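What follows is a single structure, written as structure tokens, with notes after it.
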Amino acid sequence: MKLLNKALLRMSDWSRTTWCLAILMTVAFVLIGRLAQLQVFDTFDLEKKNLLQVQVDRKLQSPRGTIYDRNGKPLAMSVVTKSLYADPKMIKQSPQEIADLISPYVTMSKENIVKALQEDTAFVWLNRMMDADKSKGVQQVIKDNNIAGLNFVEESKRYYPNGVLAAQVLGFVGTDDKGLDGLELVLDDELKGGVQQEIVATDNKGNAIFGSVLSKFLPDKGKSVTLTIDATIQFIAERALDKAMVDTGAKHASVIVMDPKNGEILAMANRPSYDPNNYNQSGEEAFKNIAVTNLYEPGSTFKPIIASAALAAGKWKLDTVYNDKGAFAANGHIIRNWNGEGYGPVRLLDILKYSINTGMAEIGTLTGADILSKYVRDYGFGSETGIELPGEGAGILYNPEDMSKLDVATMSIGQGIAVTPLQMVRAFGALSNGGAMMKPHIIKSYSNSQGDVTSTTETSVVGQPVPAETVKTIVDILEKEVSEGGGTKAMVEGYHFGGKTGTAQKLDTKHGGYLDGQYIASFIGFGPVEDPKFVVLVVIDDPQKGSFYGSQIVAPVFKDIVSQLVRYYQMSPYVKESTPVAVKAANTLPEPKPGSDGSVTLPNFTGFTYGEVRDWLHKAGLAFKPDGTGTATSQDESSGTTVQAGTAITVHFRR
């Protein structure tokens, strides 16, 4: 019996041990299985749940690609700056105390700092992209006062080292690295870098764990872009515009400089302008790139286009004589010359050189609406140039089927139609390039993040509106316009330039018709005519001081720009033997001094150019009756004679 009891006891101990081992093994297997499930099968779901603790997923832009001028000078670049943020859940001092300490260094007001620090979140921005001195100031405050919950991250900030230079071309970038205007907008995808991401993880109380950074990566910066713009030429153009704005009191002004042989834009400037580093301090008016977007009536600068069309179509010849009586009738309306006078028998040279409206109206109506419209469209008017800039205008042209005689006549003197400054530059580029019209472009090449050029903009011929022989005829006339005609104030001594002045009444875009007393004055020229390097257009909108004629206020701006360009290009003066340069008199004409009754004493005009005599008489309130062209040789009313206001003065000229 005892043996049986001992045996049963041993079996009971073994059973208990077995059961304990079995239970332990079962628990171990359950734990191992659970661990395997968590580590292998449920990894993705658990990571997802873990990331649900993340309070903020901060996406920070890596450096944006640089924009360079044609010579490698940076026009827009990205610099690393510090941005201040707070974790309100970690703040120990009162929000008011912290606001008092950091407010001198941040752009946010004390009131808004307090509100931000009271938010129920683990992350809030206090100041993005701080200036270096401000961020250093906050760092010192944090250190001196042992402030918890404030920290910095590095961000890429767009910087324009030349301030207002080429502002409307470049545009600007918003706080989140979004291009908002100009090339920054158009090239946003190319320039923008990748995203730097910082994920902030917290515990269940909202406190950051181990510095908060779970992942961080910095992708490659964006592509870089090289423009056709030359920063030096851009500066020359903008400085000339600034002076013109002061001298004329104009509302707006623009300059475009283009290489006619390849369509590269060397400068594009507008006034008013703004500093893209502080774009929020300017308004919409300053952001407009009016050289590309604005529509205006070109006035007399359009006359060479019409003349070339008539010559190319065989509807007018160089030696055709038109007897100008000072008035041209069309559909019951009278078109007159700018001075109200008739010029008598004139040829195309005189019609263009002295900008005779009646002669151009005759040429246009004789050529006809269909032919003129065809050539005008061949010059690219009525269509965008396709330049890589936003907001380009297409212009407004007549439908030839609906054009009356008056419509044809007004278009022939550059009125009743609307063009953009860039379209005028493209068309005159064809005139200065043997008739070959190039597509304007402002991007020269793209480079990858390593600096290797990946693509370049190819030169593109977009048309040949008129034959080369017609172009040569027009260029010769436009050269005389500068040396002898209405554009003498644009003449650069020792160089041959061609060009045309223009003055047009300003369109009323709201009510139709024209704005009383408001004008757009312009001058477009090219040269040197022997080997043209650039086409330059200057447009001054609504001048308020002095004259409003293009020959008086815009031609000098052209001269100012071109005089510096020939030095910058190191061009030697060149004179064609077959084309004499007008010789300016050593002295100048005295200022007219009208008497109390308006009478004026005439000076001696001998030796002065046609343009100088005409301008003096106009300023003196006298009518001008020229005989011939070139330099004055004599006058019917002798010097020293006193004449009444409005008297017609006859002056004889010879080439």
Side-chain angles (χ1 to χ4, degrees), residues 258-263 298 300-322 346-353 355 359-383 385 395 397 400 408 411-414 417 419 422-440 459-482 485 496-500 524-535 537 576 578-579:
M258 186 186 81
D259 186 335
K261 295 179 180 177
N262 54 28
S300 295
T301 56
F302 202 68
K303 291 173 181 177
I305 304 299
I306 298 298
S308 69
L311 288 175
K315 297 296 183 178
W316 197 270
K317 294 185 186 240
L318 189 60
D319 58 357
T320 301
V321 176
Y322 170 68
V346 289
R347 294 177 173 81
L348 182 61
L349 170 64
D350 303 306
I351 292 172
L352 281 179
K353 192 164 69 169
S355 207
M360 286 307 306
E362 176 72 12
I363 292 173
T365 54
L366 186 63
T367 304
D370 290 334
I371 293 175
L372 284 185
S373 295
K374 173 193 175 300
Y375 279 96
V376 166
R377 292 189 181 278
D378 287 347
Y379 270 108
F381 295 103
S383 64
T385 69
L397 297 179
V408 176
M411 182 173 75
S412 300
I413 61 174
I417 58 170
V419 305
L422 187 60
Q423 287 175 339
M424 288 298 296
V425 170
R426 175 175 61 178
F428 268 72
L431 288 178
S432 59
N433 192 38
M437 189 166 69
M438 314 306 293
K439 179 181 179 179
T459 298
S460 176
V461 180
V462 292
Q464 174 95 23
V466 293
E469 56 269 23
T470 301
V471 168
K472 185 179 184 308
T473 299
I474 297 297
V475 168
D476 288 343
I477 294 174
L478 293 180
E479 183 181 357
K480 290 181 174 63
E481 156 85 2
V482 173
H496 287 92
F497 284 90
K500 188 75 186 74
I524 185 166
F526 52 87
V529 296
E530 299 81 17
D531 183 21
K533 300 293 185 185
F534 32 76
V535 178
L537 170 66
K576 292 195 301 183
S578 59
T579 308

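All of these numbers come straight from a predicted model, not from anything done at the bench. Below, each value reflects all heavy atoms present in this structure, side chains not excepted, and no hydrogens, waters or symmetry copies.
Panel note: side chain Ser308, backbone Ile305; a donor-acceptor pair is recorded below 3.5 Å. Judged purely by atom type and a 3.5 angstrom limit, Ser432 uses its side chain to pair as donor or acceptor with the backbone of Gly429. Between the side chain of Gln423 and the main chain of Ser383, a donor-acceptor pair closer than 3.5 Å is present. In terms of modelled atom types and a separation under 3.5 Å, the side chain of Thr470 and the main chain of Val466 share no donor-acceptor contact. For Ser355 (side chain) and Ile351 (main-chain N/O), no donor-acceptor pair under 3.5 Å exists by modelled atom type.
Remark: Ile413 CD1 to Ile306 CD1 distance equals 10.5 Å, nearest 0.5 Å. To the nearest 0.5 Å, atoms NZ (Lys533) and CZ (Phe526) are separated by 15.0 Å. We find the OG1-NZ distance between Thr365 and Lys315 to be 12.0 Å, quoted to the nearest 0.5 Å. To the nearest 0.5 Å, atom CZ of residue Arg347 and atom CG of residue Leu318 are 9.0 Å apart.
Phe381 is not listed as a side-chain neighbour of Arg426, based on a closest heavy-atom distance of 4.5 Å or more. With a 4.5 Å cut-off on side-chain heavy atoms, Thr473 and Glu469 do not count as touching. Contact of the Glu530 side chain with the His496 side chain is registered, since non-hydrogen atoms from C-beta on lie closer than 4.5 Å. Residues Leu478 and Phe428 form a side-chain contact, since some pair of their non-hydrogen atoms from C-beta on lies under 4.5 Å apart. The shortest side-chain heavy-atom distance between Ile417 and Phe302 falls under the 4.5 Å cut-off. Looking only at side-chain heavy atoms (C-beta outward), Tyr322 and Ile363 stay at 4.5 Å or farther from each other. Side-chain atoms of Met411 and Leu372, non-hydrogen and from C-beta on, do get closer than 4.5 Å to each other. Looking only at side-chain heavy atoms (C-beta outward), Met424 and Thr301 come within less than 4.5 Å of each other.
Nearest heavy atoms, Ala307 versus Met360: N-CE, 4.1 Å. Val482 and Gly498 get closest at one heavy-atom pair: CG2-C, 3.8 Å. Nearest heavy atoms, Thr367 versus Ala310: OG1-CB, 3.3 Å. In this structure, Pro440 and Leu422 approach most closely via the heavy-atom pair CB-CD1, 4.2 Å.
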- Item | side-chain contact (heavy atoms from CB on, under 4.5 Å) between Leu349 and Lys480, worked out | CA-CA 8 Å; Leu349 170 64; Lys480 290 181 174 63; 3.5 Å; yes
- Item | Criterion side-chain contact (heavy atoms from CB on, under 4.5 Å) on Leu348 and Thr320, from CA distance to verdict | CA-CA 7 Å; Leu348 182 61; Thr320 301; over 6 Å; no
- Could you walk me through whether Ser300 and Lys303 pass side chain to side chain donor-acceptor pair (under 3.5 Å), step by step? CA-CA 5 Å; Ser300 295; Lys303 291 173 181 177; 3.0 Å; yes
- Query: Given the rule in the side chain to side chain donor-acceptor pair (under 3.5 Å) test, do Lys439 and Thr459 qualify, once you have shown the distances and angles that lead to the verdict?
  - Reply: CA-CA 7 Å; Lys439 179 181 179 179; Thr459 298; over 6 Å; no
- Do Arg377 and Leu397 pass the side-chain contact (heavy atoms from CB on, under 4.5 Å) test, and can you show the C-alpha distance, the side-chain angles, and the key distance before you say yes or no? CA-CA 9 Å; Arg377 292 189 181 278; Leu397 297 179; 3.8 Å; yes
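The aromatic rings of Phe497 and Phe534 lie parallel to each other, with less than 30° between the two planes, well short of the 60° mark.
Here the options are Leu431, Val425, Asp259, Asn433, the test is side chain to side chain contact (heavy atoms under 4.5 Å, CB included), and the partner is Val535; only Val425 passes.
Salt-bridge formation is detected for the pair Lys500/Glu481: a Lys NZ or Arg NE/NH1/NH2 atom is positioned less than 4.0 Å from an Asp or Glu carboxylate oxygen. Between Asp378 and Lys374, at least one side-chain N (NZ, or NE/NH1/NH2) sits under 4.0 Å from a carboxylate O, which counts as a salt bridge.
More than 12 non-hydrogen atoms from other residues, nucleotides or ligands lie less than 6.0 angstrom from NZ of Lys261.
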